[in-house]
Amino acid sequence: MSDSAETPNLMEALVSLAKRRGFIYASSEIYGGLNGFFDYGPLGTELKRNIRDCWWRDMVQRRDDVVGIETSIIMHPKVWEASGHVAGFSDPLVDCKVSKQRYRADQLFFAPVWISGVELTATFAQLNNIPPNFYVSALESEQTAVELKASADNIKRKKAMPGFLVMGDLRDMSDPTLTMEVISLIPSPATGEAGSLTAPRAFNMMFQTNVGAMSDASSVAYLRPETAQGMFVDFKNVVDTTRVKLPFGIAQIGKSFRNEITPRNFIFRSREFEQMEMEYFIHEDADWAKCHEEWITWCENWLKSIGLPASHLSRYTHPKEKLAFYSRGTVDIMFKYPFGVQELWGIAARGSYDLTQHANASGKPQELFDEASKKKFVPHVIEPAVGVDRIFLAVLAAAYAVEDVKDEKGNVEQRTVLRLSPRLAPVKVAILPLLKNKEQLTNRARALHAKLQKRYAVQYDDGGAIGKRYRRQDEAGTPWCVTIDFDTIEEPGDTFTLRERDSMAQRRITEAELFALLDEHVY
RNA sequence: GCGGCUAUAGUUUAAUGGUAAAACCUCUGCCUUCCAAGCAGGUGUCGUCGGUUCGAUUCCGACUAGCCGCUCCA
């Protein structure tokens, strides 16, 4: 468990580096910040853009079966009614006023207990309209039933009641028909005493706003809590205008908004975040499980390709009984963050739920025609959904390293380095004249910089000693430094020193070779 | 939203009921022929709002933000 010891430190180091080097700032910092919102600084903006661009290139541009769209953040309110977000995108919570514990209502189970001197059955009590005397409660777990039985026995013993004990039907507290009278009889799982639980309070996580000048009920709109609905709502538009054929995907990158109860862990859970989602439509008779598996593998490989180590990646298969009712299967690709193993990429098999919902709500069929069977059908969908900010954090955590380096005298000092893949690095190459006060060096360096700048994100730096500039670039994750030295201007061949970030090794390279190197690694 | 802890420069920290210091970073100049050199100089700080006090960065309260737990999952 050495992880737990170094975990908080690593997280602090990352937050500190992110601030110091201009990757991430707290939003509205001069006003004290705003919980759950972040700004990306110059380096962070480049890194985030590179993550998006890599994904877009690999997911859309380099595939023949995926097209990209960009839909509006505010959509027709009926979209969210049809998708179930208005009704279901909320967590009813129950508080215990005594213990200050808070429970998700759908995870707090309770049941009435009948006790009487005469033999009673649940049916008998109901038939005779006899109210239950006591309730028992327990949190959802594998032991729920056992715990409830134990509580019931306990009540019976405490009250020293003779007779038989019957437990009624198990319910959870998200039941909308619950009355305050019943709630007041349910014991808190924390204290075991009744009377301290509040009624479940719904907390819809969608941000609400009003469209137009009037702010009445008819103008209510929502900031999207996911980008996926854009793909479903525009499904027919894409099918009718782009000659796509099954199986095919529609992808989108964009901001989403969720009024999270507890934003936590830096940018891992924030209230404004950016998603990269793709809806892959398949025939209703297609082998969805096979397709699902193929996409999980694709996503894992993509994460590895941008530099996340396989050792930090794992899978979590959602157990069947916990799945949303429309889902046939969901697998999360997990990442070992400094604060624990957490979800990075969810790949869900959603059946035809979304298109069917929108067809019913809008009255516009969302069907395709099958030439073989001459029948219409609603396609099914596989949905890989990932957060840009979560990838950003994973990439940063995986790339961050502090290593011991020996100088020429053998003294050990520390070097902070971000081992970002060249595709993601905010700066691809730094161009450094060996000395600042020699014009031949700076002129050649500026000429090279101007040429590289047309195609790549590069940086010119002549401030301070050369070693210091190398270290500065290490901390920004720049994979290569090119130094214009006296060999460049005095020896034939017009070669530069290429210094590699990870190995710190140096070799001589020509301008043509440098461009070839970048072409190979940067795209 | 609840509970615990916390808030001093861009970062990491120090001191103090009489308005703050160091290192690193950053900027300027000199110097410097390959891994955070040196010299000279410069910018920049007590989260916000109240209260107690002659005087508050220091004590108290509220708010805001951060961390940890409950919770959550793109």
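None of the values given here were measured: they were computed from a predicted structure. All chains are named by letter (A, B, ...) in the order of the sequence lines, taking the proteins before the strands, and each is independently numbered beginning at 1.
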Self-check item: A/Arg350 and A/Asp354 ion-paired at < 4.0 Å
Solution: yes

Side-chain N or O of [X] less than 4.0 angstrom from OP1 or OP2 on [N]?
{"X": "A/Arg472", "N": "B/U26", "value": "yes"}
{"X": "A/Asn437", "N": "B/C30", "value": "no"}
{"X": "A/Lys468", "N": "B/U32", "value": "no"}
{"X": "A/Lys436", "N": "B/G29", "value": "yes"}
{"X": "A/Lys19", "N": "B/G10", "value": "no"}
{"X": "A/Asn265", "N": "B/C67", "value": "no"}
{"X": "A/Arg258", "N": "B/A74", "value": "yes"}

Taking atom [atom1] in both [N] and [M], compute the distance separating them and give it to the nearest angstrom.
{"N": "B/A74", "M": "B/U16", "atom1": "P", "value": "50 Å"}
{"N": "B/C35", "M": "B/C70", "atom1": "P", "value": "49 Å"}
{"N": "B/G47", "M": "B/G1", "atom1": "C1'", "value": "23 Å"}
{"N": "B/C5", "M": "B/C27", "atom1": "C1'", "value": "38 Å"}
{"N": "B/G50", "M": "B/G55", "atom1": "P", "value": "15 Å"}

Quiz item: Do A/Arg415 and B/C35 share a donor-acceptor pair, side chain to base, under 3.5 Å?
Solution: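 Flag unset: no donor-acceptor pair detected.
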
When both hydrogen-bonding distances must be under 3.5 Å and the geometry is Watson-Crick or G-U wobble, what is [N] paired with, if anything?
{"N": "B/C54", "value": "B/G18"}
{"N": "B/U71", "value": "none"}
{"N": "B/G44", "value": "none"}

Self-check item: Between C1' of B/U13 and CZ of A/Arg20, the distance in whole Å
Solution: 14 Å

Exercise. Mind calculating the distance between CD (A/Glu12) and C1' (B/U11) to the nearest angstrom?
Key: 12 Å

Quiz prompt | From A/Arg52, A/Lys255, A/Arg390, residue fulfilling salt bridge (Lys or Arg N to Asp or Glu O under 4.0 Å) relative to A/Glu274 | solution =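 Exactly one pass, corresponding to A/Arg52.
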
Practice problem: Have a look at A/Asp474 and tell me which of A/Arg501, A/Arg499, A/Arg419, A/Arg469 forms a salt bridge (Lys or Arg N to Asp or Glu O under 4.0 Å) with it. | Solution: A/Arg499

Quiz item: Can A/Phe486 be said to stack with the base of B/U33, given centres closer than 5.5 angstrom and planes under 30 degrees apart?
Solution: yes

Practice problem: Could you go through the salt bridge (Lys or Arg N to Asp or Glu O under 4.0 Å) check for A/Arg423 and A/Asp58 one step at a time? | Solution: CA-CA 12 Å; A/Arg423 290 185 81 188; A/Asp58 294 338; 3.1 Å; yes

Practice problem: Please work out if A/Leu432 contacts a base, only the sugar-phosphate, or nothing of the nucleic acid, heavy-atom cut-off 4.0 Å. | Solution: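 Result for A/Leu432 = nothing.
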
Quiz item: Does A/Val67 have any side chain to side chain contact (heavy atoms under 4.5 Å, CB included) partners at least two apart in sequence or in another chain, and if so, which?
Solution: A/Val238, A/Val244, A/Ile250

